[in-house]
There are 2 protein chains.
Amino acid sequence: MSTRDYTSMKGLGEFIRTQRELANLSLRQLADLAKVSNPYLSQVERGLYKPSAEVLKQLANALHLSAETFFMQAGLLDDDVYKEASDQVESAIKLDLRLTPDQKDTLIRVYRGFVGDR
Amino acid sequence: MSTRDYTSMKGLGEFIRTQRELANLSLRQLADLAKVSNPYLSQVERGLYKPSAEVLKQLANALHLSAETFFMQAGLLDDDVYKEASDQVESAIKLDLRLTPDQKDTLIRVYRGFVGDR
DNA sequence: AGCAGATGCTTGGTATACTTAGCACCTAGA
DNA sequence: TCTAGGTGCTAAGTATACCAAGCATCTGCT
């Protein structure tokens, strides 16, 4: 297994744009943080270019995500030593010591509602 | 001290050449396996060019080594991922492809509300 | 109205990753 | 001997990742 289901196989560009918008960063802001030009980042997000590994790493740093994550999204680390998304979210929540049991339940319930799981 | 200590601090090219020779492969053989031209591989091994991540991945496969190993050698995966709980939960959410940006936003907002962060 | 600043995008160019053709050297067989 | 095939490397070109300048649109401010 270790399957990567990818029913919603979005491209790397879309992934980056999603992450950028989640972080509430403009194209220019992220481009500056990652030390690339903003037109280039624009083109990358629209899938016109495949960024080099160095750029991927810079983007990962700027977005506070791991480089592994980006490489996986780019299809460069196909070997997913890394967990399935849903299990990942739920176990991360369960492991967070700052959350009370009730809060964990709430979060997980909301999460499951979103992904339509179970 | 990080856990690395690969023989010595040689460049990526030397690393590749060492691995190739350990596998008893000629330049052309490895180049064919990795689907690159042999002059290019020669230049990479001598440090004249930095191969793209795709090429690194192909080389890793051809040499039966992990892509992680190569990325580390290339200095692309230097750091360990920080393991703070909050980062864990938030990045797990961000990584879930089944969630829309709005849903991710909501979840993260709820989460931050619970842990009192920000 | 009009400017000012922010947004993302287009254009045209430069730098560099990568290829094809071929050279020089070596070793093995006929 | 002299091919024949293997080794790694050079040179010159093509493809593409990446950048600088600038455009069009929007929103907010006076």
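All chains are named by letter (A, B, ...) in the order of the sequence lines, taking the proteins before the strands, and each is independently numbered beginning at 1.
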Give the rounded distance in Å between these two atoms: [atom1] of [X] and [atom2] of [N].
X       : N      : atom1 : atom2 : answer
B/Glu54 : C/dT19 : CD    : P     : 12 Å
B/Leu41 : C/dA17 : CG    : P     : 15 Å
A/Leu25 : C/dG8  : CG    : C1'   : 15 Å
B/Lys50 : C/dC18 : NZ    : P     : 12 Å
A/Glu45 : C/dT7  : CD    : C1'   : 13 Å

Original post:
When you list every nucleotide of DNA chain D with an atom under 4.0 Å from a heavy atom of chain A, which one comes first 5' to 3', and which comes last?
Top reply: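 Listing 5' to 3', DNA chain D meets chain A from D/dA17 to D/dA21.
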
Original post:
Considering heavy-atom distances to DNA chain C, does A/Pro39 or B/Gln43 have its closest nucleotide positioned more toward the 5' end?
Top reply: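 It is A/Pro39 whose nearest nucleotide is closer to the 5' end.
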
Subject >> 5' priority, DNA chain C, between A/Arg20 and B/Tyr49 [closest heavy atom] >> reply: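 Its nearest nucleotide being more 5', the pick is A/Arg20.
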
Original post:
Which heavy-atom pair separates A/Ala62 from A/Leu30 by the least distance, and what is that distance?
Top reply: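 The answer is CB-CD1, 3.6 Å.
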
**OP:** Kindly compute the distance separating OG (B/Ser52) from NZ (B/Lys57), expressed to the nearest 0.5 Å.
**Re:** 11.0 Å

Original post:
Atom CD in A/Glu14, atom CD in A/Gln19: separation rounded to 0.5 Å?
Top reply: 12.0 Å

Subject >> Parallel, tilted or perpendicular: ring planes of B/Phe15 versus B/Phe70, cut at 30 and 60 degrees >> reply: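 Because their plane-to-plane angle is over 60°, the rings of B/Phe15 and B/Phe70 count as perpendicular.
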
Original post:
Heavy-atom contacts under 4.0 Å between residues 27-38 of chain B and DNA chain C, which residues?
Top reply: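 Those residues whose heavy atoms fall under 4.0 Å from DNA chain C, taken from residues 27-38 of chain B in numerical order, are B/Lys35, B/Val36, B/Ser37.
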
Original post:
Could you give all pairs that pass the salt bridge (Lys or Arg N to Asp or Glu O under 4.0 Å) test and reach residues 25-39 of chain B, with sequence neighbours left out?
Top reply: none

Original post:
So, is B/Ser52 close to the C/dC18 phosphate, meaning a side-chain N or O under 4.0 Å from OP1 or OP2?
Top reply: yes

**OP:** Check each of B/Thr18, B/Leu27, B/Leu12 against B/Glu45 using the side chain to side chain contact (heavy atoms under 4.5 Å, CB included) test, and report the only one that passes.
**Re:** B/Leu27

Original post:
With no hydrogens and no angle check, is any side-chain donor or acceptor of A/Gln29 less than 3.5 Å from a backbone partner on A/Ser26?
Top reply: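 Here the side-chain-to-backbone pair exists.
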
Subject >> Any donor-acceptor pair under 3.5 Å from A/Arg46 side chain to A/Ser42 backbone >> reply: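 Yes.
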
**OP:** Taking the side chain as every heavy atom from C-beta outward, state whether B/Pro51 and B/Tyr40 have any atom pair closer than 4.5 Å.
**Re:**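 Side-chain contact under 4.5 Å: yes.
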
Original post:
What does B/Val44 touch in the nucleic acid at a heavy-atom separation under 4.0 angstrom: a base, only the sugar-phosphate, or nothing?
Top reply: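 Nothing, no heavy atom under 4.0 Å.
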
